[in-house]
Undergrad: 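Let me give you the structure first, and then I'll get to my questions.
Residue numbers start at 1 and run along the sequence shown. Each ligand, and each atom within it, is numbered from 1 in the order the structure gives.
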Amino acid sequence: MKFETLAIHAGAEVDPATGAVTPPIHLSTTFERAPDGSYPHGYVYTRSGNPNRAALERLLTVLEGGAAAAAFASGSAAAGAILRSLHPGDHVIAPDDMYHGIQKLLKQVLIPWGLAVNFVDLADLAAFEAALRETTRLVWLETPSNPLLKITDIAAVTALAHQAGARVVCDNTWTPPPLQPVFRYGADLVLHATTKYLAGHSDVLGGVVVAREDDTFFERIRAIQHHEGAVPSPFDCWLALRGIKTLPYRLRGHSENAAKVAASLAAHPRVKAVHYPGLASHPGHEIARRQMSQFGGMLSCQVHGGEAAAMAVAAKVRLFTRATSLGGVESLIEHRASIEGPESRTPRDLLRLSVGLEHPDDLIADLAQALG
Ligand SMILES: *Cc1c(COP(=O)(O)O)cnc(C)c1O
């Protein structure tokens, strides 16, 4: 079946007990055993398994074309479970431009725990190859990168990583299915913050790991999910499932709007640079065209006049909301360096935009009045 159909039907069936078309929310923490001690419905205790979470995991497995999925209470908890499925002493290669929360998770928690990590420009294949070591066990990809939208050639990096004996995980939070089917390019794991496009309405925190193969490495991720219990609540799973039903249509709108906003910013005299892989001028455009079916709703731009000018634009918008996060129906704008903190390498004149589903003409007009 096609993606639009799967998004609506792969995680849901009419409730056999009541005929309810929308699934019930199963709040029970515990499930009854049969007289012989077995669990006839397959559920024991909600930390290890819950019907709403199982439905979400099933749906995301189908949508990514993987073998299994594990849902977590946040994208960061999902990332932590992947990284701690490695062993102290293992080497990880991560992008030099990546979601700052996971960069901080690596620097403040996982490097002290024992991982060795190199942050490398993964738009540069030679730099990646030079960073590989005998102990490299995991390559972390985020393409387009955050917030500079650099593009990594997933198939090329994955081929080299596999030769070196390393797994590849793609943080696909900015590129939910069907935008970038990374298992087709050989990647081993996909991470999503369901917080963003999947749930899509800025009202749920969640994460998921999808595995191409249900192997021993994924068993370790499952064990962390089960034993540490950073699992999403049944209601959060229900909200994520509801959001995903409209995902394909939302992604089309986000991508179309972002392309129009990017083109208008690129033509504005007060804008120094626009970072959007859909623009033919983007250095990663050709690779992006090969591995992405749409270019997504995220972009960033740099304005003339430095940090003060960027802050002034963010101060003047009326329709865009000044807030962090992304992937909701409403458009957001953010001065990224100041949220990333003092050690941020993000240019001080950069604004990151999550382009929402308002009419693009209204968004373009708002940015034009804010730029002056
Ligand atoms: C938001 C985000 C995360 C982390 O998700 P949380 O649910 O906030 O923990 C990870 N990666 C990317 C690219 C994100 O945008």
Side-chain angles (χ1 to χ4, degrees), residues 53 56 60 64 69-84 92 94-110 119 122 138-152 154 168-177 179-180 182 187 189-210 221 224-225 228 230-233 236-237 239-240 243-244 251 254 258 275 277 292 295-300 323-328 331-334 336 339-341 344 346 350 352-356:
R53 192 166 92 225
L56 178 62
L60 287 164
E64 282 290 1
F72 289 85
S74 69
S76 302
I82 297 172
L83 291 161
R84 276 179 306 104
V92 175
D96 63 348
D97 186 56
M98 75 186 293
Y99 172 62
H100 78 119
I102 293 180
Q103 189 183 75
K104 284 188 178 138
L105 174 67
L106 285 164
K107 287 183 178 165
Q108 293 178 15
V109 180
L110 291 156
F119 297 96
L122 295 180
L138 191 77
V139 178
W140 193 276
L141 297 186
E142 192 181 332
T143 175
S145 71
N146 182 356
L148 286 170
L149 292 107
K150 294 201 280 191
I151 299 294
T152 300
I154 301 165
V168 174
V169 53
C170 289
D171 182 344
N172 257 0
T173 297
W174 284 22
T175 53
L179 233 144
Q180 187 164 261
V182 298
L189 296 164
V190 167
L191 169 88
H192 285 287
T194 53
T195 313
K196 313 293 171 55
Y197 286 104
L198 288 172
H201 294 76
S202 306
D203 53 11
V204 192
L205 199 68
V208 69
V209 182
V210 189
I221 293 171
I224 290 175
Q225 180 203 36
E228 294 191 350
V231 291
S233 75
D236 285 351
C237 295
L239 281 172
I244 293 169
L251 284 178
H254 285 294
H275 308 291
M292 303 174 79
F295 298 108
M298 294 300 296
L299 61 94
S300 60
T324 194
S325 199
L326 60 109
S331 292
L332 304 179
I333 189 166
E334 177 176 44
R336 196 66 191 159
I339 189 137
E340 291 184 344
S344 167
T346 295
L350 180 137
R352 193 187 78 177
L353 276 58
S354 172
V355 180

Undergrad: Could you tell me which atoms of ligand 1, counted from 1 in the order shown, lie closer than 4.0 angstrom to a heavy atom of G206?
TA: 7 (O)
Undergrad: Give me the nearest non-hydrogen protein atom to atom 6 (P) of ligand 1 as residue plus atom name, then the distance to 0.1 Å.
TA: G75 N, 3.4 Å
Undergrad: At what distance is the nearest protein heavy atom to atom 7 (O) of ligand 1, and which residue and atom is it?
TA: T195 OG1, 2.7 Å
Undergrad: Any heavy-atom pair between the side chains of L106 and F119 that's under 4.5 Å?
TA: yes
Undergrad: List the closest protein heavy-atom neighbour of atom 12 (C) of ligand 1: residue, atom name, distance to the nearest 0.1 Å.
TA: D171 OD2, 3.4 Å
Undergrad: Within the 4.0 Å heavy-atom shell around S76, which atoms of ligand 1 are there?
TA: 4 (C), 5 (O), 6 (P), 9 (O)
Undergrad: How far is atom 5 (O) of ligand 1 from its nearest protein heavy atom, and which residue and atom name does that atom have?
TA: A193 CB, 3.2 Å
Undergrad: Heavy-atom contact check, 4.0 Å cutoff: does L191 meet ligand 1?
TA: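 Contact check L191 vs ligand 1: negative.
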Undergrad: Using salt bridge (Lys or Arg N to Asp or Glu O under 4.0 Å) as the criterion, list what pairs up with R84, not counting sequence neighbours.
TA: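 For R84 the salt bridge (Lys or Arg N to Asp or Glu O under 4.0 Å) partners, ignoring immediate neighbours, are E228.
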Undergrad: Give me the residue, atom name and distance of the protein heavy atom closest to atom 4 (C) of ligand 1.
TA: Y99 CE2, 3.5 Å
Undergrad: Any donor-acceptor pair under 3.5 Å linking the side chain of N172 with the backbone of Q180?
TA: yes
Undergrad: May I ask you to decide if H192's main-chain N or O and T173's side chain share a donor-acceptor pair within less than 3.5 Å?
TA: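 Judged by distance alone, no pair lies under 3.5 Å.
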Undergrad: In terms of atom number and element, which parts of ligand 1 are under 4.0 angstrom from non-hydrogen atoms of L205?
TA: 7 (O)
Undergrad: Can you name the residues that form a salt bridge (Lys or Arg N to Asp or Glu O under 4.0 Å) with K196, not counting sequence neighbours?
TA: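 K196 satisfies salt bridge (Lys or Arg N to Asp or Glu O under 4.0 Å) with no residue once adjacent residues are dropped.
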Undergrad: If only atom types and distance count, is the side chain of E142 paired as donor or acceptor with the main-chain N or O of Y99 below 3.5 Å?
TA: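 Pair found, side chain donor or acceptor close to backbone of Y99.
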Undergrad: Does the side chain of L326 come within less than 4.5 Å of E334's, by heavy atoms?
TA: no
Undergrad: Ligand 1 versus L326, non-hydrogen atoms closer than 4.0 Å: side chain, backbone, both, neither?
TA: side chain
Undergrad: Looking only at protein heavy atoms, which one is nearest to atom 2 (C) of ligand 1, and what is the separation?
TA: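 Going atom by atom, the protein heavy atom closest to atom 2 (C) of ligand 1 ends up being K196 NZ, 2.5 Å.
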Undergrad: Quick check against the 3.5 Å criterion: does T152 have a side-chain atom that pairs as donor or acceptor with the backbone of L122?
TA: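 Yes: the side chain of T152 pairs with the backbone of L122.
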